[in-house]
Amino acid sequence: MGKSSKDKRDVYYRLAKEEGWRARSAFKLLQLDEEFNFLQGVKRAVDLCAAPGSWSQVLSKRLNENHEKTPNDPEPKIVAVDLQAMAPLEGVIQLQGDITKKTTAEKIISYFDGEMADIVICDGAPDVTGLHDMDEYIQAQLLLAALNITTHVLRPGGTFVAKIFRGKDITLLYSQLKIFFPTVTCSKPRSSRNSSIEAFIVCQNYQPPKDYVPTMANPLLDMQYDDMNNLVGPNRTIVPFIACGDLNGYDADRTYPLAASYKSLDPLQPPITAPYKTAMQLKRSNFYNK
């Protein structure tokens, strides 16, 4: 008899608690960095849509390691931005703001004493509906909002990493990102389930068009389509795709049995204002029985 599903757990979720990460998404950024090494030498970083803070934790660890190797350099700075409040993280400046507002970009730059960021990352995603076309569209709009603010705060030669939902329109996004980055790669960390349409776009060597002025308006160029809604002309292209993460490591689509000695661990950082608290208060007041 095989072990029941109750005896099995998501291995990355368990590892995240054991290693002190706030969410298992930390392993996605770690595996992306293993493949692309984009955090080497970074001194100033921005984490968009940062809550609950696992990617900011990775930034803090990596940037402090960079500083230890070159102790004469200035202290690293990390700005984490999100609409909702996030529990404090040592060494991370938290900014509760809207990434579609120019004032948010100006505030980020002020924390860097007028300098620009070396890297901007974004693991943000909307609440998925299960309708892939709808989810892909909404995620694309979030990615473009992240790109807009990135053009305000990223230095030339910098890196932009963001979550993307792979679908039939990914070539459109790829073409738009190529306007600003000569090297754009779509990557799938091993800690991301194969059954998910989630992937990550790694954009390197930021080079905005000549005389480009950052704006919070739509920065995208007009695109031409054929009768089948496919991109035509120079914008029609195939997006490079790379799977990253140790092939001998854990598979996010598998479950693994727990050791007999394993003890259940509580989440490292529980929600600050969980939505279910409001529902529980309403239930206690017999709101649903009226």
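- When hydrophobic clusters are built by joining Ile, Leu, Val, Met, Phe, Trp and Tyr residues whose side-chain heavy atoms come closer than 4.5 Å, directly or via intermediates, Met134 is not grouped with Leu144.
- Listed by chain and residue number, nothing satisfies the side chain to side chain donor-acceptor pair (under 3.5 Å) test with Ser187 (two or more places apart in sequence, or in another chain).
- Legend: salt bridge (Lys or Arg N to Asp or Glu O under 4.0 Å) pairs involving residues 135-148, not counting sequence neighbours: none detected.
- Looking only at side-chain heavy atoms (C-beta outward), Asp113 and Lys77 come within less than 4.5 Å of each other.
- Closest approach of Arg14 and Tyr256 over heavy atoms only: NH1-O, 4.3 Å.
- Ser60 contributes no side-chain N or O that, together with a main-chain N or O of Gln57, makes up a donor-acceptor pair within less than 3.5 Å.
- Counted within 6.0 Å of NZ on Lys17, heavy atoms from surrounding residues, nucleotides or ligands total more than 12; the atom is thus considered enclosed.
- Note: Leu143 CG to Ile138 CD1 = 14.0 Å, rounded to the nearest 0.5 Å.
- The shortest distance between side-chain heavy atoms of Ile149 and Thr100 does not fall below 4.5 Å.
- When hydrophobic clusters are built by joining Ile, Leu, Val, Met, Phe, Trp and Tyr residues whose side-chain heavy atoms come closer than 4.5 Å, directly or via intermediates, Tyr212 is grouped together with Val153.
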Between Leu173 and Ile201, does a side-chain contact (heavy atoms from CB on, under 4.5 Å) hold up when you go through it step by step? CA-CA 10 Å; Leu173 279 173; Ile201 204 84; over 6 Å; no
List the steps and the verdict of side-chain hydrogen bond (donor to acceptor under 3.5 Å, both in side chains) for Ser56 and Asp47. CA-CA 6 Å; Ser56 291; Asp47 184 5; 2.7 Å; yes
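- Checked against side chain to side chain donor-acceptor pair (under 3.5 Å), Ser195 has the following partners two or more places apart in sequence or in another chain: Asp253.
- Residue pairs meeting the ring pair (Phe, Tyr, Trp, His ring centres under 6.0 Å) criterion with at least one partner in residues 137-165, sequence neighbours excluded, are absent.
- Using a cut-off of 4.0 Å between Lys/Arg side-chain N and Asp/Glu carboxylate O, Glu198 and Lys188 are scored as not salt-bridged.
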For side-chain contact (heavy atoms from CB on, under 4.5 Å), just list the numbers for Thr159 and Tyr206, CA-CA rounded to whole Å, side-chain angles, deciding distance to a tenth of an Å, and then say yes or no. CA-CA 6 Å; Thr159 303; Tyr206 176 56; over 6 Å; no
Hey, mind stepping through Val46 and Ile78 against side-chain contact (heavy atoms from CB on, under 4.5 Å) and telling me if it holds? CA-CA 6 Å; Val46 179; Ile78 303 165; over 6 Å; no
Got a list of side-chain donor-acceptor pairs under 3.5 Å for residues 114-127, not counting sequence neighbours?
residue, atom, partner, partner atom, Å
Asp118, OD1, Arg155, NE, 2.6
Asp118, OD2, Lys43, N, 2.8
Asp118, OD2, Arg44, N, 3.0
Asp123, OD1, Lys163, NZ, 3.3

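- Pairs passing the ring pair (Phe, Tyr, Trp, His ring centres under 6.0 Å) check and including a residue from residues 47-67, sequence neighbours excluded, read Trp55-Phe200.
- Checked by atom type and distance alone, the side chain of Ser192 never pairs as donor or acceptor with a backbone atom of Pro189 at under 3.5 Å.
- Within a 6.0 Å sphere centred on CD of Gln40, heavy atoms belonging to other residues, nucleotides or ligands number 12 at most.
- The backbone N or O of Gln96 sits nowhere less than 3.5 Å from a side-chain atom of Gln84 that would complete a donor-acceptor pair.
- Between the Thr104 side chain and the Asp98 main chain, a donor and an acceptor come within less than 3.5 Å of each other.
- Under the 4.5 Å side-chain heavy-atom criterion for ILVMFWY residues, a single connected hydrophobic cluster contains both Leu15 and Leu32.
- A donor-acceptor pair under 3.5 Å links the side-chain atoms of Asp33 to the main chain of Leu39, judged by distance alone.
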